[in-house]
Amino acid sequence: MNLPVTAFSEDQAEAFDRVAELLASAGVDIEESIVTPRAEGGQSAMAVIGKAGSGKTMLLARLAEALGEAGVETISGDYEGRRRKDKRTLAILAPTNKAASVLRTRGVPATTIHRILYTPVYDPEYEKIAEWLMGNGEKPEIEGLTDAALDRANAFFKQNRSIPGALAAAGLKGSDFILGWKRREDPLDIGFVDEASMLDARQYEDLTEIFPTLLLFGDPAQLAPVNQSGSMVFDDLPEPRKMVLNRVHRQDLDNPILDLAHALGDPSLPFETFERMVEDAAQSDDRVVVAPRVEAGMMARSPVLVWRNATRIRLIHAFRAAFEAPADALLPGEPLICDGIELPLKHRKKRLDLEARGLIKGAQVIYLGPGRRAGFSRLHVIGAPEPQVSAASIVKIEMPDEDEPFIPFAANMGAAFLHGAAVTIHKAQGSQWPEVQVFAPDLYAASRAGRVEAGIPLWQRLAYVAITRAEERLHWVTRYRLAKPTEPLTVRDLEAPAAPLELTGEEGT
């Protein structure tokens with residue numbers, strides 16, 4: 001086997017071997033690179049759990065690489081080639097676009113759970129191009145496309161492995177080659193799920209129906225899904241089906257952010273002692289910053305993480321005031337959070353169009369400006385492979401001490417959004433940003449509330465999730481103050497294609 005298994009820690013190596021046994025029982029021998037056709041029936045699930053820095057992502061990537069070497073094809077929600085009975089497949093999934101994009105930046109071809117539950121229906125003519133790119137057919141002749149255009153598509157696909165991206169490189173729009181979306185009916189094969197602590201019971205049930213072999217990667221110290229009494233889906237697996245990674249990987253040993261996260265494993269640790277640890281870390285390492293105020297400029301791309309909704313709403317209004325945003329409109333560059341799709345059941349196809357493009361509940365979005373039609377917005381969906389869309393939108397700005405939000409503009413129905421300059425720590429799970437601002441007064445309030453979840457003080461779970469969202473620098477904000485921005489809002493940092501895909505959310509549009 002060509003994988004450098006010696007780079008694993010002892011518990012990673014043991015987990016690798018046990019997953020290899022699971023895969024071998026399903027007909028995929030990654031030790032000998034031998035694959036047999038999948039047998040019908042049966043279902044097996046296993047979990048790899050560990051705290052931040054324990055090497056879960058590294059292990060996932062190595063297992064995916066081993067499956068690829070064995071001849072297992074990694075598929076995504078973008079396109080699936082024609083099935084062959086002897087072909088084995090792997091899908092690597094995450095609950096959100098942002099979580100999937102974190103994996104993709106590390107070279108792991110991940111997609112969202114939702115994107116794998118619904119599959120695109122391609123125009124038969126352009127499907128010929130997709131099959132050719134996948135190596136399943138000859139180079140086609142397509143009316144209106146030159147050989148140079150097809151060569152551009154081929155070059156793009158070799159670099160990025162994205163069928164929609166390759167077709168776009170040939171000069172096609174999504175509305176040209178994708179006719180619609182349908183709920184997946186046939187089961188798949190092997191599924192890897194990252195950030196599995198975010199799964200609720202219904203999502204887990206859906207996945208077990210689709211994947212006969214399912215491997216979950218999760219962090220038991222994170223916050224459990226709402227309405228699950230502090231438990232996570234992998235908690236109910238029998239012990240032989242759970243592997244725990246305890247050792248912090250060597251490249252993370254000198255990371256002060258992870259040091260702080262692991263210190264929270266002591267349930268007797270008082271908040272005041274932990275805050276002194278943060279202050280000490282800030283004195284010796286610039287990756288931890290104790291800040292007396294929130295930085296408004298950073299909020300445009302990296303939301304402040306809070307516990308209480310009242311704090312979130314106050315910070316959002318402070319952000320908008322700092323940028324002198326008008327009360328009846330959004331400024332290009334303002335961050336939004338998708339709050340779901342507001343469409344009647346009869347508009348199922350339109351709902352699938354919106355969700356398949358990444359507009360699922362919790363998706364992070366940047367407002368680019370008004371669309372060409374009333375009620376439409378041009379949007380950049382953070383973490384989506386094709387991020388720029390134009391969609392019927394309902395934007396809600398919650399008001400302090402009021403039950404009803406203010407709606408600066410809205411379509412009759414479509415994708416609903418809340419402002420995203422500040423978000424609750426619970427909603428931030430699965431996401432990471434280079435720099436993160438954590439609002440410490442809220443964590444102090446949680447510590448004073450004395451709440452406990454699954455035997456761990458709630459403030460510790462909140463603090464753990466919040467600080468591990470920071471990839472490079474943690475800002476520990478200590479006061480209810482906001483620093484005004486030094487530059488106006490901009491969208492220059494968002495790469496814009498010639499024309500965003502337009503998604504209709506209203507009948508007759």
Carboxylate-amine/guanidinium proximity below 4.0 Å for [X] and [Y]:
X      : Y      : value
Lys87  : Asp189 : no
Arg241 : Asp236 : no
Glu239 : Lys242 : yes

Check: [X] side chain, [Y] main-chain N or O, donor-acceptor pair, under 3.5 Å:
X      : Y      : result
Arg104 : Ala110 : yes
Gln12  : Ser9   : yes
Ser302 : Glu435 : yes
Arg461 : Ile456 : no
Lys56  : Gly50  : yes
Arg88  : Thr36  : yes
Gln460 : Pro457 : no
Asp442 : Val306 : no
Arg473 : Arg287 : no

Which residues satisfy the side chain to side chain donor-acceptor pair (under 3.5 Å) test with [X], sequence neighbours excluded?
X      : result
Asp266 : Ser268
Ser431 : Gln364
Asn154 : none
Asp194 : none

Any non-hydrogen side-chain atom of [X] less than 4.5 Å from a side-chain atom of [Y]?
X      : Y      : value
Val193 : Leu215 : no
Ile382 : Val365 : no
Leu260 : Leu474 : yes

| query | Got a sec, which residues hit side-chain contact (heavy atoms from CB on, under 4.5 Å) with Ala428, two or more places apart in sequence or on another chain? | reply |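 Only Leu305, Val423, Trp433, Arg469 meet the side-chain contact (heavy atoms from CB on, under 4.5 Å) criterion with Ala428.
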| message | Just to verify, what does Glu205 make a side-chain contact (heavy atoms from CB on, under 4.5 Å) with, not counting sequence neighbours? | response |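 Glu205 satisfies side-chain contact (heavy atoms from CB on, under 4.5 Å) with Glu209 only.
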| field | Chi angles and distances behind the side chain to side chain contact (heavy atoms under 4.5 Å, CB included) call for Leu63, Phe217 | value | CA-CA 12 Å; Leu63 286 164; Phe217 294 81; 4.1 Å; yes
Compare every heavy atom of [Y] with every heavy atom of [X], then report the nearest pair and how far apart it is.
X      : Y      : answer
Leu133 : Ala166 : CD1-CB, 3.7 Å
Ser393 : Leu379 : OG-CD1, 4.2 Å
Ser231 : Ala224 : O-CB, 3.3 Å
Ala261 : Tyr464 : O-CD1, 3.5 Å
Gln222 : Met232 : O-CE, 3.0 Å
Leu368 : Val491 : CD2-CG1, 3.7 Å

| request: Could you go through the side chain to side chain contact (heavy atoms under 4.5 Å, CB included) check for Leu188 and Ile75 one step at a time? | output: CA-CA 10 Å; Leu188 289 174; Ile75 62 172; 3.7 Å; yes
| message | Evaluate Glu127 against Asp123 for side chain to side chain contact (heavy atoms under 4.5 Å, CB included), listing each step before the verdict. | response | CA-CA 6 Å; Glu127 189 173 16; Asp123 182 289; over 6 Å; no
| message | Which residue is it: Val28, Thr213, Ile190? I am looking for the one with a side-chain contact (heavy atoms from CB on, under 4.5 Å) to Leu22. | response |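 It is Thr213; the other options fail the test.
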